[in-house]
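Data first, discussion second: the structure below is written as structure tokens.
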Amino acid sequence: MKPVIGITPSGTRDTFPHGTFDRYALATTYLNAVQAAGGIPIILPPQPGPVDAVLSRIDGLLLSGGADIDPARYGDAIVHPETYGIDPLRDEFELTLVHEALDRDLPVLCICRGIQLLNVALGGTLYQHVPDQFSSELSHRQQALGIPSSEPSHTVRAEPGSMLEAIYGSSIIHANSFHHQAIKGLASPLRIEGRTGDGLIEAVSLPGQLFVFGVQWHPEMMFHCHAEHLRPFEHFVTAATRRLLAPAHH
Ligand code: MN
């Protein structure tokens, strides 16, 4: 039996001949990666209220990329001018989902905004705008360099003996980079899995759980050209399958 993987989308406002509408969108690359790894993707639109009825129907949770988390969520009173796209309903929904998913030991894969959300959920903080707030010789926005999304623009060095190293089968990961925010203060329960050469944290895990893993890059945009980037999805879907087949869970 294939596991069902719930994926959170991003809000968009789109204009058509018949009007302008607020909608939710998810890049098909996420769906393709989950399907290629053997899972059944479903999209979870943000909604208020309890999430147990949502979580009881999925076997794994994928927090996708997107716009910025409200800095008030991690104690920053001042919103940086480059911070954009704050969506209070999405923040609330995803924070509630991740807390309850951890309580249930549901496998969680966190991508880009997702790794930031996981860190904030567990008490960590973010750089609101890396180019202003973190000294680096690297560009973390490869769109400015004209590098295609399927191609790497920097390397991530996995911690020795880390889950990241085991997943990729290598201590050096060639990763793409499309973010202007990043983990600043790491939430104390999280473990650093890998960093870029400038020292930014780009991968984390949560010890003691079946599978909770986050990356700052976008493997779903790369796996069709660089097969090793399917491995995070394979490990995630394998964990979701294991949980699905376990004799008792709620
Ligand atoms: Mn980066």
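Every number for a ligand or one of its atoms is a count from 1 in the order of the listing. Note that this is a predicted model, so its numbers are computed, not measured.
Atom NE2 in His99 sits 6.5 Å away from atom CG in Leu122 (nearest 0.5 Å). A distance of 7.0 Å separates CD of Glu82 from NE2 of His180, quoted to the nearest 0.5 Å.
A salt bridge between Arg113 and Asp91 is present, with a side-chain N of the basic residue lying under 4.0 Å from a carboxylate O of the acidic one.
Between Phe134 and Tyr127, the ring planes lie tilted relative to each other; the angle falls in the 30° to 60° range. Relative orientation of the Trp217 and His229 rings is perpendicular, given thresholds of 30° and 60° on the angle between their planes.
The Mn ion (ligand 1) has His140 ND1, His154 NE2, Ser177 OG, His179 NE2, Glu202 OE2 as protein N, O or S atoms under 2.8 Å away.
With sequence neighbours left out, Ser153 forms a side-chain contact (heavy atoms from CB on, under 4.5 Å) with Gln142, Ile147, Ser177.
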